[in-house]
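Here's the structure we're looking at; comments come further down.
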Amino acid sequence: MSDTSGLTTPALVDLHLAPTDKGEALRSLAQRLVAEGRVTDLDGFLADVAAREAQAPTGMGDGIGIPHCRSAHVTRPSLAFGRSTRGVDFDAPDGRPADLVFMIAAPAGADDTHLQILAALARRLMDPAFTGALRDAGSPGAVAALINGEEVPAVAPEAAPAPSPAPAPEAAAPHGELRLVAVTSCPTGIAHTYMAAKALELAAARAGARIEVETQGSAGTTVLAPEVIAAADAVILAHDVEVRDRARFAGKPTVDVGVKAAVNRADDLIAQAAGLVAEYGGGTRPTGAPVPGPRTPAGEHWAQRLRKYLMTGVSYMIPFVAAGGLLIALAFAVGGYEIASAPSVLGHFDWTSSHSWAAMLFQTGKASFGFLVPILSGYIAWAIADRAALAAGIAGGAVSVAVGAGFLGGIVSGLAAGFLVLWMIRWNVPRAVRGIMPVVVIPLVSVAVVGFLMFVVVGSPIASAMNGLTDWLNGLSGSNAVLLGALLGAMMAFDMGGPLNKVAYTFAAGALTTAGTTPDAGSLKVMAAVMAAGMTPPLGMALATVVRRKLFTAEERENGKAAWVLGASFITEGAIPFAAADPLRVIPASIVGSMTAGGLVMAFGSTLRAPHGGIWVLPLIGSPVLYLLAVVAGTVLTAAVVVLLKGMRKGVAAEVPESPVAEKGLAGV
């Protein structure tokens, strides 16, 4: 019995998947999961699938689509399989519609055993013999047996799809002694992580090279042994999230790409690694010689890398903001705003007093807030130079707090620490010193330098800038506040999760650190405006699909159902499928609605301490009724504008068929 035993049943197999529309195909397969009791809520599950599809296409090329997600509506790890004659478009990189569709459903709380089952299946999808057998299977029972590993597929070579072109035998000879290590990872850690690993293993075998892959996925990680890394000639990092403990590979020629590159171009990556080994002399590189740093993905602009560093820091900071902000908001709700001046609960806690409980909540939340800037700074540095930069980054963030430089100072200290440590990692040092570099020399020098920088050089100017920003935010009123809310709203809607959206969100989340205990601080209004503006685009699209169904495709109407949940939860990316299909109408409509929502929130003076949550944190929003009114106004306006613009397009389209008739009549005259 294989690791995939019990993953599917004949009832979950559709050998004649009829819909060619992706949304309808997903619903058809999901209905089979519901009928078998493996999914409890069809629409809820499809919303989770749509949210995953919005992150990145799940078409893998070679006619394979693997829509997948984790969902609270899944009762056990399951797979619904569909074989399509006409194909379903999953936006594969090779443009080929998927004739094999694997809908993988994982429970939200899946344990290691369940996740290992899914990982095993993902690896098998890269085997041409396996997919070829599925294309030839004559019954649902045969397909279920193949997927569950209950029989070994026996496929003639000509029945399997042609694998990726392998190097000619003579080209493989120079790679015969090539030793590689690799790390693969993807955001969900269910499919792409393991498919990339298998693709690299197959490509290495074709090239006559040896490779060991560490999969940093949901099914757990078997860490590469230090001696294996030491013996490797080069490293391949195929990842969409940060590689854990990247400093292990310092000094090794490195190919750094996204995880899909390994799935689709594994042979090219092996060849690139071989080229780097030749370029840097392979295993003959002399001890102490300068080593190349990690290579960034080809074509990645420095601004893209800078954004990645900043957003890594923000992502690690957000839990502290959420916990601290919500605790402080709860403390105010229980004990009033005067709770901020309560004495320490240490030694003064009364179990029966609501005042003591409120004070405890406030002081715990305030302590959580104290970590914001050090964590932001530390993980910006970590994103640049991995673990070796954490000490300098966190220490620099703490100094930033001490001198009053706030989150702007944390950004500066994190960047300074990261690039300083990245430079130090490349130092040419004697062998005797190498062992103490990461634990003594790098932390000592980097912390001292960053501390000097923040205390003596840039700390005071940044603190002055932060004080000015705080005073400006707290003094916002009237038209100035409305204009700021409208501007932030436009930024949130323009690219729906892209760079401008993240800049607006980072500004609001960072400004929360300046709010202190003031109940109506301007920074709290900014956070409220940004969240309202981010909720509006998906909610507006969802409303439009209900009001004028005929203006939207079946797939868009399906996405509209998910957009209700995504928008209400402040996930702006829920509007991306609509914008991708019709950007010239959806994006302007979204901008108008978000500007309206953001401006109204600032005008109403609503506040928010939590950096996320949507309607689920409504009890913690200041002036919640007016806040909801602003969101509703933005949603309705978004829907109205997109319906108007799409209606104009439909009207023009309706006239097109008539024009040839008219011309024909004139010609007859």
- For a side-chain contact (heavy atoms from CB on, under 4.5 Å) with V181, tell me which candidate from I211, D233, L224 qualifies.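 When I211, D233, L224 are each tested with V181, the side-chain contact (heavy atoms from CB on, under 4.5 Å) holds only for L224.
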
- When L269 is tested against each of L200, L180, L237 for side-chain contact (heavy atoms from CB on, under 4.5 Å), which residue passes?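 Answer to the side-chain contact (heavy atoms from CB on, under 4.5 Å) test with L269 among L200, L180, L237: L200.
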
- Query: Which is it for V74 and L33 under the side chain to side chain contact (heavy atoms under 4.5 Å, CB included) test, yes or no, and what are the steps along the way?
  - Reply: CA-CA 9 Å; V74 177; L33 291 168; over 6 Å; no

Main chain of [Y], side chain of [X]: is a donor-acceptor contact present, judged purely on distance under 3.5 Å?
| X | Y | answer |
| --- | --- | --- |
| S185 | H239 | no |
| K561 | G44 | no |
| T254 | D256 | no |
| S28 | A18 | no |
| T572 | G534 | yes |

- For side chain to side chain contact (heavy atoms under 4.5 Å, CB included), just list the numbers for L134 and R83, CA-CA rounded to whole Å, side-chain angles, deciding distance to a tenth of an Å, and then say yes or no. CA-CA 9 Å; L134 290 175; R83 195 168 70 190; 6.0 Å; no

Does some side-chain heavy atom of [Y] sit less than 4.5 Å from a side-chain heavy atom of [X]?
| X | Y | value |
| --- | --- | --- |
| T40 | T75 | yes |
| V213 | E201 | yes |
| S84 | V101 | no |
| R70 | D48 | no |
| Q216 | T193 | no |
| P97 | R86 | no |
| Y194 | T184 | no |
| I384 | V421 | no |

- Should the pair F419 and Y309 be assigned to parallel (<30°), tilted (30 to 60°) or perpendicular (>60°) ring geometry?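 The rings of F419 and Y309 stand perpendicular, inter-plane angle above 60°.
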
- Can you label the angle between the F552 ring and the F578 ring as parallel, tilted or perpendicular, going by 30° and 60°?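 Judged by the thresholds at 30° and 60°, the geometry between F552 and F578 is perpendicular.
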
- Task: If a pair satisfies salt bridge (charged side-chain N to carboxylate O under 4.0 Å, His left out) and one of its residues is in residues 23-39, list it, with sequence neighbours excluded.
- Result: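 Those involving residues 23-39 are D14-R32, R27-D43, R27-E558.
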
- Task: Check the pair L100, F81 against side chain to side chain contact (heavy atoms under 4.5 Å, CB included), reporting the backbone distance first and the verdict last.
- Result: CA-CA 7 Å; L100 302 181; F81 172 81; 3.6 Å; yes

About how many Å separate [atom2] of [Y] and [atom1] of [X], when rounded to the nearest 0.5 Å?
| X | Y | atom1 | atom2 | value |
| --- | --- | --- | --- | --- |
| H68 | M103 | NE2 | CE | 11.5 Å |
| L7 | L12 | CG | CG | 9.0 Å |
| T8 | F102 | OG1 | CZ | 10.0 Å |
| F45 | L26 | CZ | CG | 8.5 Å |
| S590 | M492 | OG | CE | 12.0 Å |
| T58 | K22 | OG1 | NZ | 6.0 Å |

Which atoms form the tightest heavy-atom contact between [X] and [Y], and what is the distance?
| X | Y | value |
| --- | --- | --- |
| A274 | L178 | CB-CD2, 3.9 Å |
| F570 | G614 | CB-N, 3.9 Å |
| A25 | P19 | N-CB, 3.7 Å |
| A238 | A262 | CB-CB, 3.6 Å |
| A562 | A47 | CB-CA, 3.5 Å |
| A389 | W382 | CB-N, 4.4 Å |

- Does atom CD of E212 have more than 12 heavy-atom neighbours from other groups under 6.0 Å away?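 It does not: E212 CD has 12 such atoms or fewer within range.
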
- Message: Taking salt bridge (charged side-chain N to carboxylate O under 4.0 Å, His left out) as the definition, give me every residue that meets it alongside D99, ordered by chain and number, with sequence neighbours left out.
- Response: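 Testing D99 for salt bridge (charged side-chain N to carboxylate O under 4.0 Å, His left out), a comparison that skips the adjacent residues, returns R96, R135.
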
- Message: Show, in sequence, the C-alpha distance, side-chain angles and deciding distance for R206 and I270, and conclude whether the side chain to side chain contact (heavy atoms under 4.5 Å, CB included) test is met.
- Response: CA-CA 10 Å; R206 288 193 291 268; I270 300 295; over 6 Å; no

